[in-house]
Amino acid sequence: MPELPEVETVRLGLVPVLEGRKLVRVEARRPDLRIAFPPRFAERLTGRRVERLERRAKYILAHLDRGEILLIHLGMSGRFFVDMQRSNATGSGAHDHVMFETDRGARVVYSDHRRFGLMTLLAASDRDSHKLLKGLGPEPLTADFSVAHLLAALKGKRTPIKAALLDQRVVAGLGNIYVCEALFGAGVSPKRIAAKVTRDQAKRLVAAIRTVLKDAIAAGGSTLRDYRKADGELGYFQHKFRVYDREGERCSKRGCRGRIKRIVQAGRSTFFCPGCQR
DNA sequence: CTTACGGCCTGTACGC
DNA sequence: TGCGTACAGGCCGTAA
């Protein structure tokens with residue numbers, strides 16, 4: 001269920017445990033996440049030092065010594081746990097697929113009941129050319145993501161803006177929730193055809209996207225001590241959304257008398273206020 | 001080329 | 001309580 005802010009919060013939780021640490025033991029308990037582990041996956045990771053954890057879109061890239069990158073995607077249900085007791089016997093760890101033990105004795109467990117996540121290895125030199133990474137659009141929290149870029153990316157697109165913003169080639173890291181929130185913040189209707197978004201709306205969208213993502217990351221940092229919950233789970237936090245999953249509630253915008261509506265676009269729920277999103 | 005849709009898995013919520 | 005159904009925040013491959 002993680003989008004950019006959740007992935008970033010997970011990354012921040014992993015940094016103190018993994019960065020600079022050597023992996024002394026790695027177990028890959030099942031090989032069939034969305035993309036099967038490469039051959040000898042656990043062996044190739046054992047003994048490697050994690051030099052740096054990077055986030056790109058919804059991916060975490062663990063830069064290892066010897067010029068390799070461990071690429072991680074959490075899919076819909078991927079979670080990391082640090083230093084907690086997990087037991088397959090009791091069922092609590094039934095979906096624990098990968099375990100990393102560091103030279104400081106920390107144990108990091110990756111759990112993913114739907115198995116839409118993935119882990120794979122790539123050469124550091126493929127950082128920008130790997131097929132999962134090469135088509136990604138700009139990071140929304142950097143200057144690469146500009147009004148000019150957004151307008152160019154939307155040009156000629158016949159799909160609704162909602163679908164366009166979910167397209168990782170347009171902007172990287174947004175998912176269904178934050179697209180709904182950003183469209184609400186910008187006052188733009190999710191049904192508007194992408195190519196018809198005006199310059200003024202594009203400006204508001206760029207600003208709203210940055211704001212909702214930054215606020216969510218900040219909420220993770222302030223809600224969780226060390227980005228970690230009591231049970232050792234990293235990166236997830238209670239966050240209040242203004243439209244997502246609020247069908248039927250009053251619009252929170254001042255002076256707006258509308259109610260939040262739910263529609264289905266491209267098979268996914270969209271929440272918006274017909275009163276103030278145009 | 002762009003756009004639309006099925007499929008991958010399992011868990012949970014809800015109506016009857 | 002049990003059962004069936006719908007739905008879930010992602011992404012890829014394929015077809016149109």
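Everything quoted here is computed from the prediction, not taken from an experiment. Numbered from 1 within each chain, the chains take letters A, B, ... in sequence-line order.
The existence of a salt bridge linking A:Glu249 and A:Arg246 is confirmed by a sub-4.0 Å separation between a basic side-chain nitrogen and an acidic carboxylate oxygen. A salt bridge links A:Arg29 with A:Glu27: the distance from a Lys NZ or Arg NE/NH1/NH2 to an Asp or Glu carboxylate oxygen falls below 4.0 Å. Looking at A:Arg56 and A:Glu139, a side-chain N of the basic residue comes within less than 4.0 Å of a carboxylate O on the acidic one, giving a salt bridge. Salt-bridge formation is not detected for the pair A:Glu51/A:Arg49: no Lys NZ or Arg NE/NH1/NH2 atom is positioned less than 4.0 Å from an Asp or Glu carboxylate oxygen. A salt bridge is absent between A:Lys229 and A:Asp231; no separation between the charged side-chain nitrogens and carboxylate oxygens falls under 4.0 Å.
Using a 4.0 Å heavy-atom criterion, one finds that A:Leu166 contacts no nucleic acid atom at all. Counting any heavy atom pair closer than 4.0 Å across all strands shown, A:Arg262 reaches sugar-phosphate atoms only and no base atom.
Taking atom CG of A:Leu165 as the reference point, atom C1' of C:dC11 lies 17 Å away to the nearest angstrom. A straight line from CZ of A:Arg79 to P of B:dC9 spans 20 Å, rounded to a whole angstrom. Atoms NE2 (A:His97) and P (B:dC9) sit 11 Å apart, rounded to a whole Å. Taking atom CZ of A:Phe271 as the reference point, atom P of C:dG9 lies 8 Å away to the nearest angstrom. Distance CD1 (A:Ile72) to P (C:dG10): 18 Å, rounded to an integer number of Å. Between A:Asp167 atom CG and B:dA4 atom P there is a gap of 12 Å when expressed in whole angstrom units. Nucleotide B:dT3 holds its C1' atom 12 Å from the CZ atom of A:Arg158, rounded to whole Å. In this structure, A:Asp112 places its CG atom 10 Å from C1' of B:dT10, rounding to the nearest Å.
A close approach under 4.0 Å does not occur between any side-chain nitrogen or oxygen of A:His113 and OP1 or OP2 of B:dC9. The phosphate of B:dT3 (OP1 or OP2) has a side-chain N or O of A:Lys157 nearer than 4.0 angstrom. In this model, the phosphate group of C:dG9 is not approached by any side-chain N or O of A:Tyr178 to a distance below 4.0 Å at OP1 or OP2. Remark: A:Gln168 is not in phosphate contact with C:dG10, judged by side-chain N or O atoms under 4.0 Å from OP1 or OP2. Distances shorter than 4.0 Å separate none of the side-chain N or O atoms of A:Arg268 from OP1 or OP2 on C:dA8. Checking the phosphate oxygens (OP1, OP2) of C:dA8, a side-chain nitrogen or oxygen of A:Ser269 falls inside 4.0 Å. Contact check, A:Lys131 against C:dG13: a side-chain N or O comes under 4.0 Å of OP1 or OP2.
Nucleotides B:dG11 and C:dC12 have their C1' atoms positioned 23 Å apart, rounded to a whole Å. Here the separation of C:dG4 from B:dC9, taken at their P atoms, is 22 Å to the nearest Å. If you take atom C1' in B:dT3 and the same atom in C:dG9, they sit 23 Å apart, rounded to whole Å. Taking atom P on both B:dT12 and C:dC11, the two are 22 Å apart, rounded to the nearest angstrom.
Checked against C:dC12, C:dG9, B:dC9, the side chain of A:Glu6 finds its nearest nucleotide in C:dG9. Of the candidates B:dT10, C:dG9, C:dG13, B:dT10 carries the atom nearest the A:His95 side chain, counting heavy atoms from C-beta on. Taking every side-chain heavy atom of A:Thr159 into account, B:dA4 is the closest of C:dC12, B:dA4, C:dG9.
Both the sub-6.0 Å distance and the 45° axial angle are satisfied by A:Lys253 relative to the ring of A:Phe184.
Nucleotide C:dC7: paired with B:dG11 (Watson-Crick or G-U wobble, both distances less than 3.5 Å). B:dC5 is paired with C:dG13 under the criterion used here, namely a Watson-Crick or G-U wobble arrangement in which both key atom distances are under 3.5 Å.
Not one N or O on the side chain of A:Asp96 forms a donor-acceptor pair closer than 3.5 Å with the backbone of A:Val109.
Between the side chain of A:Arg114 and the base of C:dA8 there is at least one donor-acceptor pair of N/O atoms closer than 3.5 Å.
Both geometric conditions, a ring-centre gap below 5.5 Å and a plane tilt below 30°, are fulfilled for A:Phe116 over the base of B:dC8.
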